[in-house]
Amino acid sequence: MAEQTSSRPFYRRQPGGELYCGGVSLEPVAKRFGTPLYVYSADQIAERLGMFQRALAGLDHLVCYAVKANSALAILKLLAKRGAGFDIVSGGELERVLAAAPEAAGRVVFSGVGKTIAEIDAGLKAGILAFNVESEAELALLAARARKLGIRARFALRVNPDVFADTHPYISTGMREHKFGIDIKRARMIYKHAAGDRWLEAHGVSVHIGSQIRSADPFGAAIERVSKLVTQLKGDGIALKAIDAGGGLGIDYHDGSFDAAAKVEEYAEALIRALGDFEGQLQIEPGRFLVGQAGALVARVLYVKRNGNKTFVITDAAMNDLIRPALYQAHHEIVSVRPRTGKACVVDVVGPVCESGDFFARDRKLPPLEPGDLVALLDAGAYGMAQSSNYNSRLRAAEVLVEGAKARLIRRRETIGDLLATEQL
Ligand code: LLP
């Protein structure tokens, strides 16, 4: 069965038995906190962070969790406690890190192509590790704000290495036609120019080629190009302290027997090989790999309906809760929390939102489902809740963190009061 494997924390104690996360049975949890409900395994998140830390133990390194994947405060806190830094892309994400783990401010890198003055100022005042700068105009603004506040700015240029990574076009970022980064050929000149500004400190260089990349090769190729630049800069008298390899390592949304630890080792080896004799710090920015498989979206079946020869299973979760299938044609395994016996049927699993794009699975063969049954959409810990919305004026789901044998509410379900709070007549 897809879920009875090592890469997911969701499993059955006996074949055909109820679904658990860690020591917790999901049925009573769903009853207690309601559905749709995001459930995360704290143990798996910690375990995944440990995999990166161990694979990079031989060199100076910092794992900066990409907050955008899942910005729940409780998750940020548990990662910070284990030594993680953070990759942020907005002032809002900075505030989340400061709220969850103020001691981690010095381990924050700030990425993003459109930082505002207010966001730059907030980052400078918080004393973050580095700004990953995406344009010459941004670097000029950073220098001006640093001078104004009297706080020296550490920066890394985010270079665009022009490396192809095989992934969905919406989440590929490392080629010249993408909006991200600075052409690697111009970077040397920009560093040299910045060396004359006493408010700027060239801390490092960063790169991020995309997301959900399954092969280690493109990461190695990107770092090779970056390492060449670092060597040239050294010759110019500019000694960078860090190389930030970005995030992007993919998970297997289909096959639960995927060996996460082996994947991390392969990835780390590719990076280390490409670093050559670089002696500074290696930073990485994983998001999905740390939290994706740790989370499931638990939903209740509302109706089962037949239209012609199609069968629709309508759940109380919808595209506003998990938009990945609609947006990227992404695959998520769907399993029954308490499976029924009987013949599997081919069904579409859909939500109540008024769009045909509101589906979780199309023509999927699933064991029998009836109204009232609970299903779990697996591998939903990354870019699930983080990309949720109030579309159709639906209330955002609650979130639960499982630690050992305990399930703890880390975000209550939204109320109608929350929904209407920012508006006036
Ligand atoms: N660093 C930077 C600069 C990024 O832009 C991203 C993701 C990451 C790190 C983390 O990448 P990860 O390790 O999670 O692949 N919503 C899409 C994914 C968008 C990724 C955007 N950038 C999805 O649901 O697949």
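Index from 1, following the sequence. A quick note: this is a predicted structure, and the numbers were derived from the prediction, not measured. Side-chain atoms are counted along with the backbone in the values below, which use heavy atoms only and exclude waters and symmetry mates. When a ligand or atom number is given, it counts from 1 through the structure's own listing order.
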Discussion item. Starting from atom 24 (O) of ligand 1, what is the nearest protein heavy atom, named by residue and atom, and what distance separates them?
Written reply: R324 NE, 2.6 Å
Discussion item. Testing the 3.5 Å rule here: is there a donor-acceptor pair between the side chains of Q293 and D252?
Written reply: no
Discussion item. Looking at ligand 1, is there an atom of it that comes within less than 4.0 Å of some heavy atom belonging to F289?
Written reply: no
Worksheet entry | Numbered atoms and elements of ligand 1 in range of Q387, under 4.0 angstrom, heavy atoms | 16 (N), 24 (O)
Worksheet item: Going by atom types alone, do D244 and S206 pair a side-chain donor with an acceptor below 3.5 Å?
Response: no
Worksheet item: So which heavy atom in the protein is nearest atom 16 (N) of ligand 1, and how far is it from that ligand atom?
Response: Y328 OH, 2.7 Å
Discussion item. Between N70 and Y40, is there a side-chain donor-acceptor contact under 3.5 Å, judged purely by atom types and distance?
Written reply: yes
Practice prompt. Give the contacting part of S211 toward ligand 1: side chain, backbone, both or neither, where contact means a heavy-atom distance below 4.0 Å.
Written response: both
Practice prompt. Taking only Lys NZ, Arg NE, NH1 and NH2, and the carboxylate oxygens of Asp or Glu, determine whether R225 and D162 approach each other closer than 4.0 Å.
Written response: no
Discussion item. Quick check against the 3.5 Å criterion: does R364 have a side-chain atom that pairs as donor or acceptor with the backbone of V346?
Written reply: no
Discussion item. Check for me whether R8 meets the cation-pi criterion with F10, that is, NZ or CZ under 6.0 Å from the six-membered ring centre and within 45 degrees of the ring axis.
Written reply: no
Discussion item. Out of all atoms in ligand 1, which are within 4.0 Å of some heavy atom of G248? Include the element for each.
Written reply: 11 (O), 12 (P), 13 (O), 15 (O)
Item to complete: With heavy atoms of D87 as the reference, note each atom of ligand 1 found under 4.0 Å away.
Response: 1 (N), 2 (C), 9 (C)
Item to complete: Identify, for atom 4 (C) of ligand 1, the protein heavy atom at the shortest distance, and state residue, atom and that distance.
Response: K68 NZ, 3.0 Å
Worksheet item: Can you check whether D87 reaches Y65 side chain to side chain, under 4.5 Å on heavy atoms?
Response: no
Item to complete: Compute the shortest N/O to N/O distance between G287 and ligand 1 and return yes if it is under 3.5 Å, no if not.
Response: yes
Worksheet item: Of the protein's non-hydrogen atoms, which lies at the shortest distance from atom 19 (C) of ligand 1, and what is that distance?
Response: I171 CG2, 3.6 Å
Discussion item. Distance alone, cut at 3.5 Å: any donor-acceptor contact between the side chains of E355 and N392?
Written reply: no
Worksheet item: Applying a 4.0 Å heavy-atom criterion (strictly less than), which segment of E285 is in contact with ligand 1: side chain, backbone, both, or neither?
Response: both
Worksheet item: Should the proximity of H208 to ligand 1, defined as any heavy atom under 4.0 Å, be assigned to the side chain, the backbone, both, or neither?
Response: side chain
Item to complete: For the residue pair Q283 and E285, confirm or rule out a side-chain donor-acceptor distance under 3.5 Å.
Response: no
Worksheet item: Looking at A66, which atoms of ligand 1 are within less than 4.0 Å of one of its heavy atoms?
Response: 8 (C), 9 (C), 10 (C)
Practice prompt. Report, in ascending order of atom number, the atoms of ligand 1 lying under 4.0 Å from any heavy atom of P286.
Written response: 13 (O)
Item to complete: Would you check whether G246 reaches within less than 4.0 Å of ligand 1, judged by its heavy atoms?
Response: no
Response to the item:
The protein heavy atom nearest to atom 14 (O) of ligand 1 is Y383 OH, 2.6 Å
Discussion item. With heavy-atom distances below 4.0 Å as the criterion, list the atoms of ligand 1 near R158.
Written reply: 3 (C)
Worksheet item: Donor-acceptor pair, Q44 side chain versus S41 backbone, under 3.5 Å?
Response: no
Worksheet item: Which of the atoms in ligand 1, numbered in the order shown and given with their element, are less than 4.0 Å from a heavy-atom of R288?
Response: 12 (P), 13 (O), 14 (O), 18 (C), 23 (C), 25 (O)
Worksheet item: Considering only heavy atoms from C-beta outward, does the side chain of R48 approach that of F289 to under 4.5 Å?
Response: yes
